[in-house]
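Below: one structure, written as structure tokens.
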Amino acid sequence: MVSIIVAAHGSAAPELLATACMILGPFEQVTPVEFLPDQGPDDLIAEYQKIADIYPPGEPLLLLVDLFGGSPYNAGARFAAERPDTDVVSGVNIPMLIEVISSKGRKSATLESLVNKAESAGTKGIRSFQAAMNPPTSAAEESKAATPETPPAALVAPGAAPAAGGTMDIALLRIDSRLIHGQVAGSWSNFISSQTLIAASDAAAHDNLHKTLLLQAAPSHIKTNVLDITETGRVYNNPKYAGMKTMIVVESPADALALVDAGVSVREINVGGVTYKDGMKQVSEAVYTSDADIEAYKELDRRGITLTIIPEPTPQL
């Protein structure tokens with residue numbers, strides 16, 4: 001039998017299952033996983049593995065998660081990459097849960113068939129009352145209704161020739177253990193209207209799976225790159241990109257310091273989210289720090305760089 005994990009930000013997963021239970025009655029081998037502010041992708045992977053270990057080796061596992069490109073999805077993709085009997089479907093909703101849970105007990109149910117049902121039910125369950133009551137009356141209207149909107153074109157560097165020796169314009173440098181996720185791709189990139197987004201990480205730049213997941217989570221209208229620290233410094237100092245409004249995210253204060261050492265000039269760094277690891281101390285709801293982190297923060301402070309803890313943008317910023 002295929003086992004199911006439902007993973008989502010906050011307490012959404014257990015609430016979704018409570019609603020499904022109210023409709024379907026009790027069911028088995030469906031487990032919720034919460035993703036909380038002080039957690040990171042590694043915590044989610046550990047939780048997925050803990051649940052998988054309950055079942056016999058090789059038993060298929062389907063993860064239904066909330067947001068494509070969010071941490072539950074990214075962690076699930078990394079988890080599934082090591083398990084050929086595991087898949088991940090994003091966009092979990094009640095119609096999807098009802099269909100998958102109802103179908104998984106059938107003898108003919110397979111991981112592939114449940115993935116197909118999840119995608120179909122999750123999409124078909126989205127309906128507009130007014131559209132149903134007022135269907136298109138002409139072929140032209142029907143064609144217009146069926147044509148998807150063209151996604152915004154990616155922003156490019158200014159057309160004017162940059163001055164020799166110019167650098168990128170760093171609109172925001174953010175420390176965030178998850179690099180690119182909902183807050184970065186949605187809230188921050190739109191708030192500062194950056195032309196390009198760089199995830200500066202030696203580890204991610206040289207890990208094809210991690211790099212792919214980060215690029216999948218990136219905003220579609222902004223040119224995004226995953227570069228190592230040294231390459232980010234070179235790109236920042238390339239006159240070709242002079243004046244380009246840029247947002248950079250790094251995983252740790254040590255990486256932020258390395259980026260400054262690579263020649264990137266900033267006056268302020270936003271500490272957005274540093275997930276907990278053994279030995280760390282909590283300094284805010286979503287920021288933990290180690291002794292090594294504190295030394296890096298102190299060095300950044302000595303260089304005259306302001307450090308702020310601002311998880312999400314506000315109009316006052």
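The structure presented is a predicted model; accordingly, all values stated were derived computationally and were not measured.
Residues satisfying the ring pair (Phe, Tyr, Trp, His ring centres under 6.0 Å) criterion with H9, sequence neighbours excluded, are F35. Legend: residues meeting salt bridge (Lys or Arg N to Asp or Glu O under 4.0 Å) with D301, ordered by chain and number and at least two apart, are absent. Under the ring pair (Phe, Tyr, Trp, His ring centres under 6.0 Å) criterion, Y236 pairs with no residue, sequence neighbours left out. Among residues two or more places apart in sequence or in another chain, the salt bridge (Lys or Arg N to Asp or Glu O under 4.0 Å) test is passed with D42 by R78. Partners of E59 by salt bridge (Lys or Arg N to Asp or Glu O under 4.0 Å), not counting sequence neighbours: none found. Under the salt bridge (Lys or Arg N to Asp or Glu O under 4.0 Å) criterion, D85 pairs with R83, sequence neighbours left out.
A donor-acceptor contact shorter than 3.5 Å links the side chain of T19 to the backbone of E15. Within the 3.5 Å criterion, the main-chain N or O of I309 finds no donor-acceptor partner in the side chain of N270. Side-chain atoms of N238 never come within 3.5 Å of backbone atoms of R234 as a donor-acceptor pair (strictly under, hydrogens ignored). Listed for the N93 side chain is a donor-acceptor partner under 3.5 Å among the backbone atoms of G122. Under the 3.5 Å distance criterion, the side-chain polar atoms of S113 are matched with a main-chain donor or acceptor of T110. Remark: side-chain polar atoms of Y48 are paired, donor with acceptor, to backbone N or O of P72 under 3.5 angstrom. A donor-acceptor distance shorter than 3.5 angstrom exists from the side chain of D43 to the backbone of G40, with no hydrogens or angles considered. In terms of modelled atom types and a separation under 3.5 Å, the side chain of K245 and the main chain of I192 share a donor-acceptor contact.
V235 has its side chain within reach of M168: a pair of non-hydrogen atoms, C-beta onward, lies under 4.5 Å apart. For the pair R174 and V184, the minimum side-chain heavy-atom distance is below 4.5 Å. Taking 4.5 Å as the limit, every side-chain heavy atom of T308 sits out of range of all side-chain heavy atoms of V271. I51 is listed as a side-chain neighbour of V33, based on a closest heavy-atom distance under 4.5 Å. Contact of the L197 side chain with the I180 side chain is registered, since non-hydrogen atoms from C-beta on lie closer than 4.5 Å. A heavy-atom distance below 4.5 Å is not found between the side chains of Q39 and Y276. For the pair I248 and L172, the minimum side-chain heavy-atom distance is 4.5 Å or more. Taking 4.5 Å as the limit, some side-chain heavy atom of M247 sits within range of a side-chain heavy atom of W188.
Annotation for F191 and P313: closest pair CG-CB, 3.5 Å, computed over non-hydrogen atoms. Considering all non-hydrogen atoms of both residues, S102 and L24 come closest at OG-CD2, 3.4 Å. Nearest heavy-atom pair across A254 and A296 is N-CB, 4.0 Å. When all heavy atoms of N237 and A262 are compared, the closest pair comes out as ND2-O, 3.9 Å. In terms of heavy atoms, A218 sits closest to T224 at CB-OG1, 3.4 Å. Between L61 and A52, the shortest heavy-atom distance links the atoms CD2-CB, 4.0 Å.
The closest side-chain donor-acceptor pair between E112 and N116, if any, does not fall under 3.5 angstrom. Between the side chains of D293 and S290, at least one donor N or O sits under 3.5 Å from an acceptor N or O. Using a 3.5 Å distance cut-off with no hydrogens or angles, the side chains of N74 and H210 do not pair a donor with an acceptor. Neither side chain, E268 nor T306, offers a donor N or O lying under 3.5 Å from an acceptor on the other. A donor and an acceptor atom, one from each side chain of E251 and S201, are located under 3.5 Å apart.
Interatomic distance, D228 CG to D202 CG, rounded to the nearest 0.5 Å: 5.0 Å. Here the CG atom belonging to L259 is positioned 10.0 Å from the CD1 atom belonging to I175, to the nearest 0.5 angstrom. The distance from the CD atom of E47 to the OG1 atom of T31 is 9.0 Å, given to the nearest 0.5 Å. The CD1 atom of I198 lies 5.5 Å from the OG1 atom of T246; values are rounded to the nearest 0.5 Å. From L67, atom CG reaches atom NE2 of H181 across 11.5 Å, with rounding to the nearest 0.5 Å. To the nearest 0.5 Å, the span separating OG on S284 from CD1 on I310 amounts to 11.5 Å.
L97 and M1 are members of different hydrophobic clusters when ILVMFWY side chains are connected at heavy-atom separations under 4.5 Å. The hydrophobic cluster containing I23 also contains L17, counting ILVMFWY residues as joined when their side-chain heavy atoms lie under 4.5 angstrom apart, directly or transitively. Linking Ile, Leu, Val, Met, Phe, Trp and Tyr whenever their side-chain heavy atoms come within less than 4.5 Å puts L209 and L63 in one cluster. V88 and V6 are members of different hydrophobic clusters when ILVMFWY side chains are connected at heavy-atom separations under 4.5 Å. Linking Ile, Leu, Val, Met, Phe, Trp and Tyr whenever their side-chain heavy atoms come within less than 4.5 Å leaves L44 and L179 in two separate clusters.
Environment of CD in Q216: crowded, with over 12 heavy atoms of neighbouring residues, nucleotides or ligands closer than 6.0 Å. By the 6.0 Å contact criterion, CG on D53 is enclosed, its count of non-hydrogen atoms from other residues, nucleotides or ligands being greater than 12. The number of heavy-atom neighbours closer than 6.0 Å to CZ of R302, taken from other residues, nucleotides and ligands shown, is above 12. In Q282, the CD atom is crowded: over 12 heavy atoms of neighbouring residues, nucleotides or ligands sit closer than 6.0 Å.
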Applying side chain to side chain contact (heavy atoms under 4.5 Å, CB included) to I101 and V30, what does each step give before you reach the verdict? CA-CA 8 Å; I101 293 172; V30 183; 4.2 Å; yes

Side chain to side chain contact (heavy atoms under 4.5 Å, CB included) evaluation trace for V274 with T289: CA-CA 7 Å; V274 180; T289 185; over 6 Å; no

Set out, in order, the CA-CA distance, both residues' side-chain angles and the distance that settles side chain to side chain contact (heavy atoms under 4.5 Å, CB included) for T275 and M280, then state yes or no. CA-CA 9 Å; T275 53; M280 284 184 158; over 6 Å; no

Verdict with reasoning, S3 to L62, per side chain to side chain contact (heavy atoms under 4.5 Å, CB included): CA-CA 6 Å; S3 297; L62 174 59; over 6 Å; no

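Between L214 and the choices V226, D207, V249, the side chain to side chain contact (heavy atoms under 4.5 Å, CB included) rule is met once, by V226.
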